[in-house]
2 protein chains.
Amino acid sequence: MIPEDDRGLLLGDGLFETILARRGRLEHVEAHIDRMIRGCAVLDLEPPSQAAALAAAQGALVGLDAERAVVRLTLTAGGGRGLERPKGATPRLLASAGALGPPVQGVRLATVPIRRNDSSPASRLKTLSYLDNILAQAQARALGADGAVMLNTRGELACAAAANLFWIDGGRLFTPALDSGVLDGIMRAQVMAAASGIGVETVEIRAGRETLDRTEALFLTSSLIGVQAVTALDSRPLEAHPLIAELARRCD
Amino acid sequence: MIPEDDRGLLLGDGLFETILARRGRLEHVEAHIDRMIRGCAVLDLEPPSQAAALAAAQGALVGLDAERAVVRLTLTAGGGRGLERPKGATPRLLASAGALGPPVQGVRLATVPIRRNDSSPASRLKTLSYLDNILAQAQARALGADGAVMLNTRGELACAAAANLFWIDGGRLFTPALDSGVLDGIMRAQVMAAASGIGVETVEIRAGRETLDRTEALFLTSSLIGVQAVTALDSRPLEAHPLIAELARRCD
């Protein structure tokens, strides 16, 4: 239980991470905690120590016997009302865990009306103000899809509602640049490293939606889904692609 | 205390209202609750009943002896992780109250880089995903001002970080249209009605930032601050204006 005056609850003032655990072992946990600490600098929050965050994440797993689990680390700005944080407010670190089913194998995406607000530093963080992502996902469902493609305010490709976006064009790999308003995803970096390892460079790009009209293949990445092939975009069927399968294998 | 799996805390999934109370009497409380119920329809949340919300707001005031107080009503989407709400999740209604000082008489504003995301329905609601407003206020402070002027993604005037914006030009009153990405403010409506009562119509407009370079006077409105004169905008001093004082008196 947390107090009713917590700024995470009242105003979405804080950050989170979702970390995959396999048979009790946390994946890329240092990278997740580093990202939370970098986010604290952006939001002017006192960061947790690496050790405290790691202990919290590991503690959440105790007693959970699951092949796959998700650990959620939540850092709120602490107690206090109003737009401006009270002096001396101390961030509150929470951790919880739950069993996770196997990842879904393919998804159909739809481009949704809600834009990613790339004018805000929050567009490059996992913050407790996540409602636009919830609404984007609901818009995708209303369009008959499983997930959303979000554009930013300039109409450039950004991301899915809770995953990074990649596409393959002429044998090359592309993903929206971070200043398109996207999260610096842990799995995004893993995929870029894995691709580089097999001689495929990733182009980080600011590109309009029309770019995807001619793309060979599309996939999503996140810590929980890994590498997930997209089977249709706005009702256009997309083929399986050997590079997606290869990257999924290497990043698993 | 609220459970750690509440979606208001985890994802900013919910709505709030801040209601002024004077000597224990709630101001415009029906309008506030109506707005929360309309917001529930937008977010696909089961709304509270008028009676339950009113009882919660009044209950929060019990034992609080203050000339001016603020009652905060918070409606979260209930418990459950993930972008999509679990079936049968029941919204959670919270109410709290605190004493409030007298309103500040004049504010200096600065135009901030963070834009109001008018592509999102959340831009027209008071939601628990309020971080962009917190960041906008912090940007205004960093610019040496007391508050922010936020533009929308098209560069049009929207609002302050937690207040509606009005200006006076050639004896006429202007305010950003709701589709600029602004809250349908209770005090905004009060001011428009009061102005109409003294023969001044309000033009709801989509207008660029440059509009304010020639404006005679500027003011903010919200339930907590009432009508608040702006004394400077981006370091340009602004004069007091008799219409602002008159509207402040009529809406007090």
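Lettering follows sequence order; numbering is per chain, from 1.
Counting only heavy atoms from C-beta outward, the side chains of A:Ile114 and B:Pro121 approach each other to under 4.5 Å. Looking only at side-chain heavy atoms (C-beta outward), B:Val42 and A:Leu135 stay at 4.5 Å or farther from each other.
By a heavy-atom distance cut of under 4.5 Å, B:Thr153 are the residues of residues 148-157 of chain B near chain A, going up by number.
Taking both residues in full, the closest heavy atoms of A:Leu94 and B:Leu9 are given as CD1-CD2, 3.8 Å, listed atom of the first, atom of the second, then distance.
Only the side chain of A:Asp6 comes within contact range of chain B, with heavy atoms under 4.5 Å apart. If you measure heavy-atom distances from A:Ser123 to chain B, you find no contacts under 4.5 Å at all. Of the two parts of B:Pro113, only the backbone, made up of N, CA, C and O, holds a non-hydrogen atom closer than 4.5 Å to a non-hydrogen atom of chain A. There is no contact between A:Ala140 and chain B, counting heavy-atom distances below 4.5 Å.
Screening residues 179-188 of chain A for side chain to side chain donor-acceptor pair (under 3.5 Å), with sequence neighbours left out, gives A:Arg188-A:Glu204.
Between the side chain of B:Arg81 and the main chain of A:Arg72, no donor-acceptor pair closer than 3.5 Å is present. Under a 3.5 Å cut-off, the side chain of A:Asp132 and the backbone N or O of B:Ser120 do not form any donor-acceptor pair.
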**OP:** Carefully, step by step, assess A:Glu4 and B:Met1 under the rule side-chain contact (heavy atoms from CB on, under 4.5 Å).
**Re:** CA-CA 5 Å; A:Glu4 279 193 23; B:Met1 304 286 279; 5.9 Å; no
